[in-house]
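Please find one structure pasted underneath; my questions will follow.
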Amino acid sequence: MSEEQIKYLEKQFEERIARDEKIEPKDWMPEKYRKTHIRQISQHAHSEVVGMLPEGNWITRAPSLRRKVALLAKVQDEAGHGLYLYSACETLGISRDELYEQLHSGKAKYSSIFNYPTITWADMGAIGWLVDGAAIINQVPLCNTSFGPYARAMVRVCKEESFHQRQGYEIMLKLSNGTPEQKDMAQDALNRWWWPSLMMLGPTDAESVHTEQSMKWKLKRKSNDDLRQQFIDQTVPQADILGLSIPDPDLKWNEEKGSYDFGEIDWDEFWQVVKGHGPMNKERMKARVGAWERGEWVRDAAMAYAEKQQERKEKQVV
Amino acid sequence: MKQNLYNYILGIADNSLILGQRMGALTGHGPSLETDIACTNISLDLFGQVRSYYQYAAKVAGDKRTEDDIAMLRHEREYLNVLLVEQPDTDFAYTMGRQFLFDVYHFLFLTELQKSKDLTLSAIATKSLKEVSYHQRFSTDWIKRLGDGTEESNKRMQTAIDDLWTYTDELFHQTDADKEMVAEGIGVDVTTLKEAYYQKVADVLQESTLTIPESKYFQKGGKQGIHTEHMGYLLAELQYMQRAYPNMEW
């Protein structure tokens with residue numbers, strides 16, 4: 001194709017997106033669009049799958065049968081989200097095995113929040129309330145993103161995420177209205193998860209590399225800083241209802257702005273975790289790679305069995 | 001309180017509790033995303049059954065105890081599950097072997113329990129049977145895949161079946177509560193399930209190119225609350241919150 005032809009296709013492509021038309025896997029798309037989408041959707045899928053680990057950590061220790069069932073269902077939903085997202089990603093011409101390889105080799109990233117440890121039951125509440133809360137703010141706009149399979153996957157993901165968030169908040173509510181020990185447990189979890197949750201919405205706009213192009217493709221509709229402000233404004237009143245305090249001495253309502261002012265985020269910590277040196281990065285990767293390697297003989301057996309069955313079928317036909 | 005009925009319910013429910021706990025622990029660590037989801041599903045089904053049984057047991061007890069007290073606040077000697085379900089997940093062959101050897105029994109058992117004169121037990125059996133027929137299909141398929149897959153998988157599957165075999169006979173032992181409940185038309189006479197069980201298991205093993213173990217030495221004790229050494233660690237996790245923070249609501 002000549003350069004002129006490509007330019008023409010690109011122009012048409014951008015116009016389709018501007019008209020809010022969906023791009024489907026078989027449509028022509030610029031190579032950069034394909035690559036960006038593989039990166040973002042797989043990062044999202046990896047986050048779901050790695051995100052199963054910190055919560056999976058409490059399945060055997062959930063405090064009641066009702067909570068255990070809810071937690072199992074939640075972690076299972078995350079596996080389901082991983083599955084749709086990997087499938088959406090595969091429509092762009094990459095296999096799930098290749099995507100795993102990128103995750104396991106450290107080439108692909110996943111949400112940094114999952115590199116923090118879950119050390120008490122209250123962390124199950126805080127993750128649902130804060131982490132899923134921040135995820136929803138990030139993800140709701142993606143239900144209208146330009147790439148069809150991603151947008152459709154996100155509609156379902158968002159519905160389930162908002163259920164998870166309510167579930168997490170309900171855990172926090174129960175703890176906050178419980179014994180002093182339970183309330184302390186809830187406050188401690190909020191103290192540990194608050195700042196990482198703010199970081200989850202990404203670096204400040206000044207440092208965000210992908211924002212402009214992503215806006216054009218509707219992979220992003222608001223900047224990181226706007227999303228963060230929205231999260232804070234939404235979450236502070238919820239903490240008030242719980243009777244818990246946000247661990248930020250600079251947090252103050254700004255009448256003029258109509259939103260909260262908040263303290264400085266420790267971006268050094270953020271970059272340290274992103275670069276692989278958070279409290280749990282190594283353990284999370286060890287768990288994923290371990291599961292994959294331990295499962296190799298199982299996957300090989302399933303493949304060998306399927307081939308044998310196929311051969312037997314063919315012989316029968318003959 | 002009807003002590004025999006109470007013990008009888010626990011004898012059924014504890015199997016689902018302990019197997020559900022084992023399967024739940026695997027969430028996030030499965031050999032593929034699809035099997036991970038399926039194993040979590042089995043765990044969810046089992047815990048759903050457990051809740052129905054224990055809620056009923058709590059009603060039979062007629063005091064203040066709750067489903068969670070029954071699940072999490074007994075001593076090890078008071079859990080009545082068979083030894084098979086508490087065996088560890090040495091590898092995926094053990095996980096599927098344990099599941100299969102239990103599912104075949106579970107399916108036969110629930111089919112009979114549906115006929116119980118006790119309407120609550122019969123209703124739980126009918127609901128659970130739908131789930132367990134899926135569990136049985138899933139684990140049977142894996143026995144075939146692993147048995148008739150690669151040389152390595154065949155060896156691993158055979159080892160698992162050989163090791164777990166010793167725990168199968170206990171499934172057909174009758175406790176005093178069992179005998180009493182059978183006499184009242186409430187319980188299932190498990191001794192009558194034995195032949196169909198070993199026939200079904202043998203058929204699947206044969207189709208999977210696996211050898212049917214010949215060992216005649218069997219282990220027992222779970223139904224009397226005498227467990228293997230694995231049980232204490234499993235309960236330590238299961239009971240952790242209720243023991244560390246007693247008398248609280250979650």
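Treat the numbers as computed from the prediction; the structure is a model and nothing was measured. Side chains included, hydrogens not; waters and symmetry mates left out as well; all remaining heavy atoms used. Each chain gets a letter, A, B and so on, in the order the sequences are listed, and its residues count up from 1.
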Checklist entry - Does any heavy atom of chain B fall under 4.5 Å from the side chain of V50(A), the backbone, both, or neither of them? => result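 Looking at V50(A), nothing touches chain B.
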Checklist entry - Between Q21(B) (side chain) and T60(A) (backbone), is there a donor-acceptor pair under 3.5 Å? => result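 Judged by distance alone, yes, a pair lies under 3.5 Å.
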Checklist entry - Which pair of non-hydrogen atoms, one from P31(B) and one from R299(A), has the smallest distance, and what is that distance? => result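 Nearest heavy atoms, P31(B) then R299(A): O-NH1, 2.9 Å.
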Checklist entry - Counting only N and O atoms by type, is there a donor-acceptor contact under 3.5 Å from the side chain of Q182(A) to the main-chain atoms of Y245(B)? => result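 Checking the backbone N and O of Y245(B) against the side chain of Q182(A), no donor-acceptor pair under 3.5 Å is found.
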Checklist entry - Looking only at heavy atoms, what is the nearest atom pair of L83(A) and E34(B), with distance? => result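 The answer is CD1-OE2, 3.6 Å.
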Checklist entry - So does K155(B) have more than 12 non-hydrogen atoms from other groups sitting under 6.0 Å from NZ? => result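 Not buried by this count: 12 neighbours or fewer within 6.0 Å.
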Checklist entry - Based on non-hydrogen pairs under 4.5 Å, which of E67(B), M241(B), M157(B) is most in contact with chain A? => result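 Option with the greatest count: M241(B).
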Item to check | Atom group of L175(A) that falls short of 4.5 Å from chain B, counting heavy atoms | outcome: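 Looking at L175(A), just its side chain touches chain B.
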Next on the checklist: Report which part of L53(A) has an atom under 4.5 Å of a heavy atom belonging to chain B: side chain, backbone, both, or neither.
Outcome noted: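 Side chain only.
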Checklist entry - Which region of A62(A), side chain (C-beta onward) or backbone (N, CA, C, O), has a non-hydrogen atom less than 4.5 Å from a non-hydrogen atom of chain B, or is it both or neither? => result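 Backbone of A62(A) only, per the 4.5 Å heavy-atom cut-off to chain B.
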Item to check | Partner chain B: residue of P63(A), G82(A), A304(A) with the largest heavy-atom pair count (under 4.5 Å) | outcome: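 The residue among P63(A), G82(A), A304(A) with the greatest pair count is P63(A).
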Item to check | Max heavy-atom pair count under 4.5 Å with chain A, selected residue of Q242(B), K144(B), E151(B), R22(B) | outcome: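 Of the candidates given, the most pairs with chain A belong to K144(B).
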Next on the checklist: Can you tell me how far apart CG (L72(A)) and CE (M23(B)) are? Round to the nearest 0.5 Å.
Outcome noted: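 These two atoms lie 11.0 Å from each other.
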Checklist entry - For F163(A), does the CZ atom have more than 12 heavy-atom neighbours from other residues, nucleotides or ligands under 6.0 Å away? => result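 No, the 6.0 Å shell around CZ holds no more than 12 heavy atoms from other groups.
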Checklist entry - Under a 4.5 Å heavy-atom cutoff, which of I37(B), T27(B), L17(B), N154(B) has the most pairs with chain A? => result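 Most heavy-atom pairs under 4.5 Å with chain A: I37(B).
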Checklist entry - Does atom NZ of K127(B) have more than 12 heavy-atom neighbours, drawn from other residues, nucleotides or ligands, at distances under 6.0 Å? => result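 Enclosed.
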Checklist entry - With only heavy atoms counted, which part of S64(A) is less than 4.5 Å from chain B, the side chain, the backbone, both or neither? => result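 Both parts, heavy atoms under 4.5 Å.
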Checklist entry - Is it true that a side-chain atom of R67(A) and a backbone atom of W250(B) form a donor plus acceptor pair closer than 3.5 Å? => result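 Between the backbone of W250(B) and the side chain of R67(A) there is a qualifying donor-acceptor contact (under 3.5 Å).
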Item to check | Candidate pair D36(B) and M52(A), rule side-chain contact (heavy atoms from CB on, under 4.5 Å), full reasoning | outcome: CA-CA 11 Å; D36(B) 208 301; M52(A) 293 169 72; 3.7 Å; yes
Next on the checklist: Measuring only between side-chain heavy atoms, which start at C-beta, is Y305(A) closer than 4.5 Å to D141(B)?
Outcome noted: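 Y305(A) does not reach D141(B) side chain to side chain.
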Checklist entry - Which bit of A71(B) comes within less than 4.5 Å of chain A, counting heavy atoms only: side chain, backbone, both or neither? => result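 For A71(B), side-chain heavy atoms alone lie under 4.5 Å from chain A.
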Item to check | Contact summary for G24(B) and I59(A), nearest pair of heavy atoms | outcome: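 Taking G24(B) first and I59(A) second, the nearest heavy atoms are O-CG2, 3.7 Å.
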Checklist entry - Side chain, backbone, both or neither: which part of M185(A) has an atom under 4.5 Å from a heavy atom of chain B? => result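 Only the side chain of M185(A) comes within 4.5 Å of chain B.
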Next on the checklist: With rounding to the nearest 0.5 angstrom, report the CZ to NZ distance, R51(B) to K68(A).
Outcome noted: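 Output value for this atom pair is 12.0 Å.
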Item to check | When T150(B), L26(B), L33(B) are compared by non-hydrogen pairs under 4.5 Å with chain A, the top option | outcome: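 Ranked by contacts with chain A, first place is L33(B).
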Checklist entry - Side chain, backbone, both or neither: which part of Y240(B) has an atom under 4.5 Å from a heavy atom of chain A? => result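 For Y240(B), the side chain is the part near chain A, not the backbone.
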Next on the checklist: Tell me if the CD atom of Q206(B) is crowded by more than 12 foreign heavy atoms within 6.0 Å.
Outcome noted: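 Incorrect, the count does not exceed 12.
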Next on the checklist: Please check if the number of heavy atoms outside Q309(A) that lie under 6.0 Å from its CD is greater than 12.
Outcome noted: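 Yes, CD of Q309(A) has more than 12 neighbouring heavy atoms, counting only those of other groups under 6.0 Å.
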Next on the checklist: I need the residue from T66(B), D91(B), D148(B), D68(B) with the largest number of non-hydrogen atom pairs under 4.5 Å to chain A.
Outcome noted: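 The residue among T66(B), D91(B), D148(B), D68(B) with the greatest pair count is D148(B).
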Next on the checklist: Quick check for you: among V69(A), V75(A), N57(A), V49(A), which has the greatest number of heavy-atom pairs under 4.5 Å with chain B?
Outcome noted: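 With the most close heavy-atom pairs to chain B, the winner is V69(A).
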Checklist entry - Hey, is the main chain of R61(A) close enough, under 3.5 Å, to the side chain of E237(B) for a donor-acceptor pair? => result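 Not at all, since once roles are kept as given, no pair shorter than 3.5 Å links the two residues.
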Item to check | Segment of R66(A) engaging chain B (4.5 angstrom heavy-atom cut-off) | outcome: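 Both parts, heavy atoms under 4.5 Å.
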Next on the checklist: As an exercise, state the distance from CG of L238(B) to CG of L65(A), rounded to the nearest 0.5 Å.
Outcome noted: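 Between L238(B) CG and L65(A) CG, I get 7.5 Å after rounding to 0.5 Å.
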Checklist entry - Among S43(B), S32(B), C39(B), which has the most heavy-atom pairs under 4.5 Å with chain A? => result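 If we count pairs closer than 4.5 Å to chain A, S43(B) comes out on top.
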Item to check | Heavy-atom proximity to chain A below 4.5 Å, by part of A93(B) | outcome: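 For A93(B), heavy atoms of backbone and side chain both lie under 4.5 Å from chain A.
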